[in-house]
Amino acid sequence: MKNQDVVELLNDIADMLEIRGESTFRVRAYREAARQIENLQEDVAALATEGKLTDIRGIGSSIAEKIHEFVTTGRSEYRENLARTLPPGLAELLEIPGIGSRKALLFYEKLGISTIDELEQAAREHKLQELPSIKEKTEQNVLEGIERLRQKSTRMLLGVALPAAEEVIRMLKQHPSVERIEVGGSIRRMQETIGDIDILVASSSPKDAINAFTSLPIVKAVIAKGGTKASILTRQDLQIDLRVVSPEQWGAALQYFTGSKPHNIQLRSIAESRGMKINEYGIFRIDTGERLAGREECDIYSTLDMLCIPPEIRNATGEIEAAMKGELPNLIDISDIRGDLHCHTDWSDGANSIEAMAEAAKARGYEYLVISDHSVSMGFIHGLSTDRVREQRAIIDDLNKSYKDFKLLQGIEVNIRGNGNLDYPDDVLARFDVVTASIHSGLAQPREQITQRMIKAMQNPHVDIIGHPSGRLIGRRDPADFDREVVFSTAVETGTAMEIDSQPDRLDLKDTDARRAVDMGVMVAINSDAHTTDQLDLIRYGIATARRGWVEKDDVLNALPLEDLMARLGKKK
DNA sequence: GCCGTTTTCGGCCCGACTGTTTTCAGTCG
């Protein structure tokens, strides 16, 4: 039983309660409980056994009981009973933009509609117009909503959304009506996947700014357009939302527009308990209506006597409490990074030469770069034979003679085989400056087996780092089910670092795992895993993931200067 | 359904846009 199973249970129940038109607060309670468990560091089944579920904020006796039943029996009578009162699939109607619980229930009760296909057919046959308060426009919107849902299908990777947003910002910035502009929403929080692209503009002539936005050359359709906000669909079918505020409201709007939603809810509750009110226009005293702040974002936080919270950690998982105590983490910054410990060259599956990668690293101000091509069992991508390891070493040594204030290190991304053995004998591993051990196959092994496999690799005295530990590919391949507790504590014992791989479809360790790891004292290595010179820049996504995981400079192996790094790597052996 | 430096009952973040309504409900973020 995984935490994620319980999250699904609670969200399922919330969906069904919502459709049945139950109190929104009851629905919200289930969703909040699901969210808390999603962010939970511990194993929810263990907490249930110990009777500690109600220690979790947002979980009271009623939800605790349902979770307990579910983790002990694998079933939930409550969910099954609810499901019996509703046709399966009705919840999918809620996925359609513009359809909420009221309309879904209306369609089901009056027309017997319970699937998206049935709804589409009814709309095409104009049957929806027979309902009260539904006219032609709504019917059209239903069809368009279904169309949009089908095109959207999956969330996009941050690595796709962020460059797209930056492109729009580049174009809009040139317009005279645009005074300040920044990306907001989940992109500003650097969440690993993104639904919509949110952009905020400060302008004294909002109409002009909105018109500039809706007439950008990339616009395929205008979804909504008002005096202060608009939504467009781009030619690539990305939805982009723009909000325009006056320059005096910039800070409050940026705060509001960045979210996350639970973070803002918590913040507003705190404001209310102090006789203040926050909205996107500022922070106000409730009694007099006096505006206390709003021009700059951090002023909102300081008005509430807390430190300014970095966007990446605005998730209502303890950051507000920390900010009130003045104890926010000093998050790792990209400028703290001294070098990259994981990249590939044309010696295995990379595109560029060792020298080109070194030049690119130098151009980025790095002190060192670790060349870590694939090992011998990755034959299909030219994994290095023992002979080629020796040849590569000679080339690296030679190049180093010409560098000043920069050092090229020879590493390896050694494959962890199915039984936990590594691809080279110890005497070969001993020749590398840095050894990263990674699992590339057998990711679906049972928990016990894959955990033992990782432990065995970490116990090898030459292994410095475990590469992309879970092996997940976002949206394409599930993470390995290794025991986080056991693996992270073994990492501490053996002095092995865990990688945060920066490839946008990996981001592995993920944010919550990274937070748990550094909490337990694990060092992390934030690496690009670049296969081209340009990809060295992907490290910004790994940095973002680390920041979301509350990782500080002292937790990061490659924030160390070269000398300290080498001393640290030498210590394990 | 949860929760409590006013509270064990009565609240629960807040505002814009849309469509269908002459004053508001539904939906979204």
Side-chain angles (χ1 to χ4, degrees), chain A residues 10 13-14 17-18 21-36 53-67 78 93-107 128-129 131-142 144-145 148 184-189 194-200 206 210 222-231 239-245 249 252-253 255-284 286 300 304 316 320 324:
Chain A
L10 297 174
I13 292 174
L17 291 175
E18 186 172 356
E22 302 275 347
S23 146
T24 55
F25 301 112
R26 197 157 162 233
V27 174
R28 190 190 295 170
Y30 277 94
R31 294 213 194 282
E32 174 62 15
R35 201 185 70 82
Q36 289 294 340
L53 286 174
T54 51
D55 291 354
I56 302 169
R57 203 182 154 70
I59 296 185
S61 58
S62 173
I63 291 182
E65 212 172 281
K66 291 176 180 87
I67 293 174
Y78 187 66
L93 294 187
L94 299 181
E95 306 278 313
I96 303 169
I99 305 293
S101 61
R102 313 305 298 187
K103 287 204 190 90
L105 191 63
L106 182 73
F107 296 149
L128 302 186
Q129 290 192 43
L131 299 170
S133 77
I134 303 276
K135 293 222 159 25
E136 194 184 347
K137 186 69 185 165
T138 301
E139 207 167 59
Q140 222 170 50
N141 286 345
V142 166
E144 281 170 18
R148 257 196 287 155
S186 52
I187 302 187
R188 185 154 181 257
R189 300 196 314 279
I194 305 296
D196 304 317
I197 299 172
D198 301 316
I199 293 173
L200 183 67
I210 293 275
V222 177
I223 296 167
K225 183 176 175 179
T228 62
K229 71 187 201 185
S231 293
Q239 183 174 332
I240 302 185
D241 302 333
L242 184 87
R243 177 89 182 219
V244 185
V245 298
Q249 297 162 346
Q255 195 288 319
Y256 158 81
F257 214 31
T258 297
S260 68
K261 193 171 170 181
H263 173 89
N264 284 355
I265 288 173
Q266 192 181 348
L267 210 60
R268 286 172 185 205
S269 297
I270 289 170
E272 200 200 356
S273 72
R274 299 185 182 190
M276 295 183 248
K277 187 179 84 161
I278 304 174
N279 58 27
E280 54 264 60
Y281 306 118
I283 179 163
F284 304 86
I286 290 172
I300 303 291
L304 292 170
I320 289 176
M324 288 171 81

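Naming convention: chains lettered A, B, ... in sequence-line order (proteins, then strands); numbering from 1 in each chain. Heavy atoms only: backbone and side chains are in, while hydrogens, waters and symmetry mates are out.
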Quick one: which of B/dT20, B/dT18, B/dC12 gets closest to the side chain of A/Asn141? B/dT18
Is a donor-acceptor contact shorter than 3.5 angstrom present between the side chain of A/Tyr281 and the base of B/dG15? no
From the candidates B/dG29, B/dC2, B/dT27, the one with an atom nearest any side-chain atom of A/Asp241 is B/dG29
Atom-pair distance (CG on A/Asp196; C1' on B/dT27), nearest Å: 14 Å
Look at A/Lys135 and B/dT21 and indicate whether a side-chain polar atom (N or O) is within less than 4.0 Å of OP1 or OP2. yes
Where each residue is assigned the nucleotide of DNA chain B containing its nearest heavy atom, which of A/Arg243 and A/Ser133 is assigned the position nearer the 5′ end? A/Arg243
Any side-chain N or O of A/Ser273 less than 4.0 Å from the OP1 or OP2 oxygen of B/dT5? no
Base, sugar-phosphate, or nothing for A/Thr228, non-hydrogen atoms under 4.0 angstrom? sugar-phosphate
Between A/Gln266 (CD) and B/dC13 (C1'), how many Å, whole number? 12 Å
If the test is side-chain contact (heavy atoms from CB on, under 4.5 Å), which one of A/Gln255, A/Arg268, A/Arg189 qualifies with A/His263? A/Gln255
In whole angstroms, how far is the C1' atom of B/dC28 from the NZ atom of A/Lys229? 7 Å
Atom-to-atom span, CG of A/Leu17 to P of B/dC2 - whole angstrom: 12 Å
If you compare every side-chain N and O of A/Asn264 against the phosphate oxygens of B/dC13 (OP1, OP2), does one of them come in below 4.0 Å? no
When the distance from CZ of A/Arg268 to C1' of B/dG11 is rounded to whole Å, what number comes out? 18 Å
Check whether any side-chain nitrogen or oxygen of A/Lys261 sits under 4.0 Å from OP1 or OP2 of B/dG29, and answer yes or no. no
Tell me the partner of B/dA25, counting only Watson-Crick (N1-N3 plus N6-O4 or O6-N4) or G-U wobble (N1-O2 and O6-N3) with both under 3.5 Å; none if nothing fits. B/dT18
Taking the C1' atom in each of B/dT27 and B/dT21, what is the distance between them to the nearest angstrom? 16 Å
Taking B/dT18 as the reference, what is the distance to B/dG11 when you measure between their C1' atoms (whole Å, please)? 29 Å
Taking the side chain of A/Phe25 as heavy atoms from C-beta outward, which of B/dC12, B/dC2, B/dG29 is closest to it? B/dC12
Short side-chain N/O contact to B/dT5 OP1/OP2 from A/Arg274, under 4.0 Å: no
A/Lys66 has a side chain; which of B/dC13, B/dT27, B/dG1 sits nearest to it? B/dG1
With the side chain defined as heavy atoms from C-beta on, A/Glu280 is closest, among B/dG4, B/dA16, B/dC13, to B/dA16
Rounded distance in Å - CG (A/Leu105) to P (B/dT27): 10 Å
Shortest side-chain distance from A/Asn279, nucleotide among B/dG1, B/dG15, B/dC12: B/dG15
Could you please name the option among B/dT27, B/dC17, B/dG1 that lies closest to any side-chain atom of A/Ala224? B/dC17
When the distance from CE of A/Met276 to P of B/dC13 is rounded to whole Å, what number comes out? 17 Å
